[in-house]
Amino acid sequence: MEVLYLTIGISVIIAGGFLIAFSWAVYNGQYDDRVTPSIRILFEDQAEIKKGSDDNQTPLS
Amino acid sequence: MKTTVQQSILHTCSHCGDMCNDNAIYDGNVFFCCEGCKTVYQLLQNNHLCGYYAVDGSEIHSLKKLSTKSISRFAYLDDSSIAESILAFKNDKKAQLVLQLPSVHCTSCVWLLEKLPHLNPGIIRSELQLSGKQISILFNPEQVTVREIVELLTLLGYEPDISLAAMHKQKKDTSNRSMYIRLAIAGFAFGNTMMVSLPGYFDEGIGDLQSTFTMMFAALNILFSLPVILYSSQPFFKNAWSGLRNRTMNVDIPISMGILAIYSRSIYEILMGIGPGFMDSFSGLVFFLLIGRVFQKKSFDALEFDRDFNSYVPLQCTKIDHDTERSIAASSIIPGDILLVKNQEIIPSDAILLSANGHIDYSFITGESTPVEILKDTLIYAGARVLGPSILIEIKKEISRSGLLRMWNNTLFRKPVSSTLLTVSTLFGTYFTFGTIALAIIAGLFYLPHYSMALSVFSAVLIIACPCALTLAVPFTLGNIMRISAKHGLYFKNTETVLELASVDTIVFDKTGTLTSSLEGTVEYIGEDFSETQLRLIISGCLSSTHPKSRILASWLCMSHNIQSLKGLHCDSFQEFTGKGWIAAAGKNTIRLGNYEFVSHRKEHKDQIWVSVNAKILGYFIINEGPRQGILPMIDSLTKALHVDVFLISGDSNRNAGYYTSAFKGEHSLLFHQSPEDKARFILSKQNQDHAKIAMIGDGINDSGALMQSNIGIAVAEHISAFHPGCDAIMSANSLSYLDAFVQFTRKGITIIKAAFWISVMYNIIGLTLAVMGILTPVYTAILMPISSLTVIGFTLGMSSYAGRKIALKENQ
């Protein structure tokens, strides 16, 4: 049964790791806005391609 | 690309989507309604950002008409002290600017605003927070100034809200973050204490190992619970303490009592080796309470249109210093300063007029939108808006001591929270606290010869009676109601407002614009016919006018006379008189169109829109406005099914009364020719005489006095972002036809809360019985507490969502 010392220790460390990860995410601002990122991901790339091709003024071969 | 001026009302502007009038600008194959729209379109086109128009064409908002004058407003941002005061962060190479953009509302806004670095190379990165309507811009201060950024945003149609209040708002974000951390720590402790406490409940089975493990588990439990008591439960202690200091009872007092009782008893039991303690119930309790708090906070942050007086005070003013104009920060003005206040600007603090005369609009203070003429040496109160020519004023008081701030603290602006449920909840807090303490003492005394037993029963009662489930019921139900209503177009200011709507027994409608829709109506003309040139002049005059009725006339005239193109339409001069009419002249003809008094110069009131050519009256137009779709059945259901008294008060004439007499309870419920003061007075008298709880449905500025006086003022708006002083809720115009469903929904919410109260009372009775009998063991609390919280949360959320589906059903009909 002494293995309990080890398993409980490990489980607390794992849970603590998640707690730290969550705190980091909160202080990093990831929970400040949960609407815009979902919109942002939908149209980012397309505009970059457009800009690149128009700037060169040459048709893509 | 040649730009020509082409006339067509059949085209919509390629930028803003508005109808183009006779000033339409034709450029290549696209039309614009004004120069401003064209500028923005070209700006986007030159930077290859026309994808903007593909993102969400229907939602593109109207661009404010731009002129060089409107932009010079931002001159004060050249003042480095003001500019730096609004920066969030600055060093040599980088600076960060965080601004509130009230007009942000859709996907295309995000798309365009995050492309700012394409529009100005000095901007490094721009990030928009759609929910908070906030943009954060990282830029290089050597390449671009704050003023240039603000002007660019304004040019794009997103004028930032630069006021003291908006600046304050940015600093409060961190409290939300700490709330999440508190919750996470409590959740962490809850899970882990549960895990190590569980074996303790079956301790007979463990045998010899029991003592060593019990020691370790107890130590771990104390370790886990420390951050919970020291950090996570702080908000409850703080609230309870401030309540005690102010000698008012709040629900946090019994909560704190319960938390302290359960914690100290657990520590005592563990240290004395009596038992495993209640550490798992303790962290679970704090965890569930915090979930309730986070939910409550979320619904508060959902929509902030609760602006305080700071939003009205301008950030900048023009000071006259030895005959030179200078922009200074409004916060730095002192009595004796002489300021120049221009058209549409707001008087920052109480002042005396130095110019010969001026026109002042007190609409936001009194709700009266007719401008007041004031003479030299009159005292002007802060918050008044200047109309017409600029005026010179001498400041009499500092901003912090001005009448505006006093007004703001006045009872008119701070509605007393009269809602029955809230008073019940404070009363409840008082009785509950004393009741619990009394019961705990009595139960303890009963066991008295056995001191340890008495103490244990005493603390057990305090522990189990903690009103955790009760405190969860209100925020979860009301928060969910707010969320569901917002989805269907009714935006409550706060949870108290939901309660107010539920207790309403009288609803007063304002007809203009709220119940009627011109699109449902018809136009008639009675009088002599016009010649072709006269007709064209009338149409171009109507198109130049900003009054909505002129627009209706223009489209009706075009349709009825079969005019397709507006080629050759123009007027040499055009002048509009607000509230009266307009004069347009071209060649030999001069047209006056407006009310009878204005057209005929006779002091007589007639309802129609009259028209005269060269001072000769030709005839009049009648615009018959019809009720909006679904309005009449809605009123019917309000009066019959929900037993609400319905009144209609309108500034208009009674010619359309026929639509409403059948729906409203006869003629006495219909009041016409009412001024804004009459409306407010009517509501006041109803409240005083009949003790009526009144909901006023109005359309904003014009009715703000009445909206403020009523128990709940609901502003009906086409655009949610429009600003409405004095209202408690904003409703989108389309949702008005199911107002009855909303009233019913909030009433159901009250029933749900009451039911949830009873559920938690039931759990409390079971728990208290166990506690008084002295058999409340940690196992019972570990089961009872989470179950009661979860039942209440599940019940309130489930029932309110179910009740909300009725609105969705009505919407789909």
Side-chain angles (χ1 to χ4, degrees), chain A, chain B residues 45-52 54-56 104 106-115 118 127-136 173-174 176-192 195-196 199 206-210 212-213 216-217 220 223-224 227 294 298:
Chain A
M1 282 300 255
E2 277 72 17
V3 78
L4 266 183
Y5 290 114
L6 186 69
T7 48
I8 288 179
I10 291 173
S11 83
V12 169
I13 288 169
I14 291 175
F18 279 110
L19 181 66
I20 291 166
F22 178 75
S23 312
W24 171 80
V26 169
Y27 280 108
N28 199 30
Q30 294 185 17
Y31 284 81
D32 290 357
D33 183 12
R34 282 165 295 165
V35 182
T36 332
S38 65
I39 298 168
R40 191 176 292 141
I41 197 168
L42 295 174
F43 40 60
E44 197 80 343
D45 297 348
Q46 187 198 351
E48 295 301 327
I49 297 163
K50 217 180 199 175
K51 186 179 163 62
S53 63
D54 281 10
D55 273 354
N56 297 334
Q57 293 294 322
T58 47
L60 298 168
S61 53
Chain B
Q45 196 183 32
N46 293 341
N47 289 287
H48 316 285
L49 296 178
C50 276
Y52 171 62
V55 178
D56 192 352
V104 161
C106 68
T107 317
S108 28
C109 302
V110 182
W111 194 89
L112 180 61
L113 286 168
E114 301 209 333
K115 292 289 179 292
H118 294 271
E127 238 179 56
L128 186 75
Q129 269 195 27
L130 193 62
S131 50
K133 294 181 185 286
Q134 199 176 63
I135 190 168
S136 145
D173 263 346
T174 44
N176 242 349
R177 291 184 181 178
S178 64
M179 209 66 179
Y180 284 124
I181 303 289
R182 284 182 216 275
L183 181 66
I185 288 176
F188 168 79
F190 181 37
N192 285 292
M195 185 179 73
V196 296
I206 299 178
D208 328 331
L209 288 165
Q210 185 193 352
T212 39
F213 279 117
M216 186 186 80
F217 292 154
L220 275 175
L223 205 67
F224 289 135
V294 168
K298 244 183 87 172

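Convention: sequence-line order gives letters A, B, ...; per-chain numbering from 1.
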**Study point:** Shortest non-hydrogen contact between A:Gly16 and B:Phe188, atoms and distance
**Key:** N-CE1, 3.4 Å
**Study point:** Contact summary for A:Ser23 and B:Ile181, nearest pair of heavy atoms
**Key:** CA-CD1, 3.5 Å
Check your understanding: Does any heavy atom of chain A fall under 4.5 Å from the side chain of B:Ile185, the backbone, both, or neither of them?
Key -> both
Check your understanding: Above 12 or not: heavy atoms from other molecules or residues under 6.0 Å from CZ of A:Phe18?
Key -> no
Review point. In Å and rounded to the nearest 0.5 Å, what is the CD1 to CE distance from A:Ile8 to B:Met216?
Key: 3.5 Å
Practice item. Calculate, to the nearest 0.5 Å, the distance between atoms OH and CZ belonging to A:Tyr27 and B:Arg177 respectively. Key: 8.0 Å
Exercise for review: For the pair B:Tyr180 and A:Phe22, name the ring-plane relationship: parallel under 30°, tilted 30 to 60°, perpendicular over 60°.
Suggested key: perpendicular
